[in-house]
Amino acid sequence: MLAMERIGYLFGGFAALMAVVYGVWNDFTEPVGVVGLTLGALLGFMIAGYLNITRRKLDGVPPEDDPLGEISDIAGDYGFFSPHSWWPLWLAASSALIFLGLAIGWWLVALGAFFTIPALVGWVFEYWKGPHAL
Amino acid sequence: MTLVATAEATTRVSGPVPSIPDYGPATRPNMVAVGTMVWLASELMFFAALFAFYFSLRGHLPDMWRTETELLNVPFAFGNTIVLVISSVWCQLGVWKAEAGQVARTGSLLKFKEWGMREWYVLTYIFGSIFIAGQVYEYAHLVAEGVTLSTNSYSSIFYLATGFHGMHVTGGLIAFLLIIGRTFTTRRYTHLQETGAVVTSYYWHFVDVVWIALFAMIYLLK
């Protein structure tokens, strides 16, 4: 995790530096580049900062940061992954209808929403109901 | 429901690895939470494009900004901003309850100290809805004044930037509904549920911070 964190800081630091260089170069008459590069810096710092906070909360040193770490140290149950599901297909098809409706007419958006809402609810709740809910 | 695919370890585990159920090994970060943050960083780039769009138009058409921004109702938008910021506070209070594993209130509805995650998230939802209603009111007002999406460059970027943000807030509201709904359809409040509540709050805080930047750009720097 330390390596990922450092990549984030490196990218953020570089973009921040370039924002200043870019701004000084044109006397801050062109704000677009400065804004874009500053937000690019925030992209790096945001991920790096979050990983930093997360790393401090963990029990012990993550195996990848430990020179004596073993692959088996990161073994275990990683969480839940859906084995298969039909819901994303319905969700994608009905969402496509909504976006098509934006080009064709609002009546089609309403029709798309009619199909999208059950698809979304079905997808989200697929593993979250009944006695075996996650 | 019998098929549950997990990234399971092979049998060569050398020692006991402390593991949190539905969460992963204790030495690993929560994948859903880290994934959400990486996605939000990419969302930041999406809004960066809108910011760049706004500033480049403004840089080319300073005269348009001088006249067109007079129609903006800054005190109203400021009030709306405050509503959204407060909703983030309620959301965080809900997160702390979720992390403590408390879903529902233990006392009466008036004793807010005994509220659970559900009550705080409902309050967040109400505040978020007020924000969206405020946006709609503002749009209706501007359209009545003759400022529409296709009036000029200024109105285009105004509606695109605030509109895309409004769509994000609306998406967040739907996410809150689904997260609250989940607490009703399951018997136990698991770590996975808690993760869902926490990452929804990440999204909400992110959208809130983006709005503060948009508000400063559109209403304060006008």
Side-chain angles (χ1 to χ4, degrees), chain A residues 1 4 8 12 29-40 42-51 53-55 57-66 69-84 117 120-121 123-134, chain B residues 1-10 12-15 17-34 37-38 40-42 44-45 47-49 51-56 58-59 174-175 178-179 181-182 185-188 190-193 195-196 202 206 213 217:
Chain A
M1 275 188 90
M4 294 195 282
T29 49
E30 199 282 300
V32 181
V34 179
V35 170
L37 285 165
T38 306
L39 287 169
L42 286 177
L43 165 98
F45 290 139
M46 188 174 150
I47 296 174
Y50 183 74
L51 288 173
I53 293 166
T54 310
R55 191 167 52 84
K57 278 189 195 167
L58 295 175
D59 294 340
V61 181
E64 63 267 35
D65 296 343
D66 182 2
E70 295 286 342
I71 297 294
S72 60
D73 292 346
I74 52 170
D77 192 351
Y78 269 66
F80 174 76
F81 300 89
S82 173
H84 62 263
I117 292 165
L120 179 66
V121 171
W123 182 53
V124 171
F125 284 86
E126 187 173 9
Y127 299 105
W128 298 85
K129 57 183 169 23
H132 301 293
L134 289 167
Chain B
M1 264 315 300
T2 49
L3 283 168
V4 174
T6 52
E8 253 174 339
T10 49
R12 290 183 296 121
V13 177
S14 59
V17 179
S19 174
I20 304 167
D22 306 324
Y23 184 106
T27 53
R28 299 289 291 174
N30 186 331
M31 285 194 298
V32 179
V34 173
M37 284 306 279
V38 172
L40 287 178
S42 80
L44 189 66
M45 292 300 98
F47 281 104
F51 280 100
F53 187 175
Y54 184 91
F55 281 114
S56 66
R58 191 186 165 149
I174 294 168
L178 296 169
I179 288 292
R182 266 181 182 179
T185 58
T186 51
R187 293 180 185 179
R188 295 172 304 135
T190 57
H191 278 285
L192 222 54
Q193 292 236 23
T195 299
Y202 288 170
F206 171 80
M217 177 180 82

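Residue numbers begin at 1 in each chain, while the letters A, B, ... track the order of the sequences.
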If I compare all heavy atoms of [X] with all of [Y], which pair ends up nearest, and what's the gap?
X      : Y      : answer
B:S42  : A:L43  : N-CD1, 4.1 Å
A:F125 : B:R182 : CE2-N, 3.6 Å
B:A41  : A:M46  : N-CE, 3.5 Å
B:M45  : A:L39  : CE-O, 3.3 Å

Problem set entry | Options B:Q193, B:R187, B:R58, ranked by heavy-atom pairs under 4.5 Å with chain A, top entry | B:Q193

Problem set entry | Main-chain N/O of A:V32 paired with B:S56 side-chain donor or acceptor, under 3.5 Å | no

For this session: With rounding to the nearest 0.5 Å, note down the distance linking CG in B:L178 to CH2 in A:W123.
Result: 9.5 Å

Exercise. Say you draw a straight line from OG1 of B:T185 to OH of A:Y127; how long is it, rounded to the nearest 0.5 Å?
Worked result: 14.5 Å

Heavy-atom contact with chain A under 4.5 Å, split by part of [X]:
X      : value
B:M37  : both
B:A213 : neither
B:Y54  : neither
B:L40  : both

Measuring heavy-atom distances to chain B, does [X] have an atom under 4.5 Å in its side chain, in its backbone, in both, or in neither?
X      : value
A:L42  : both
A:L51  : side chain
A:V124 : both
A:E30  : neither

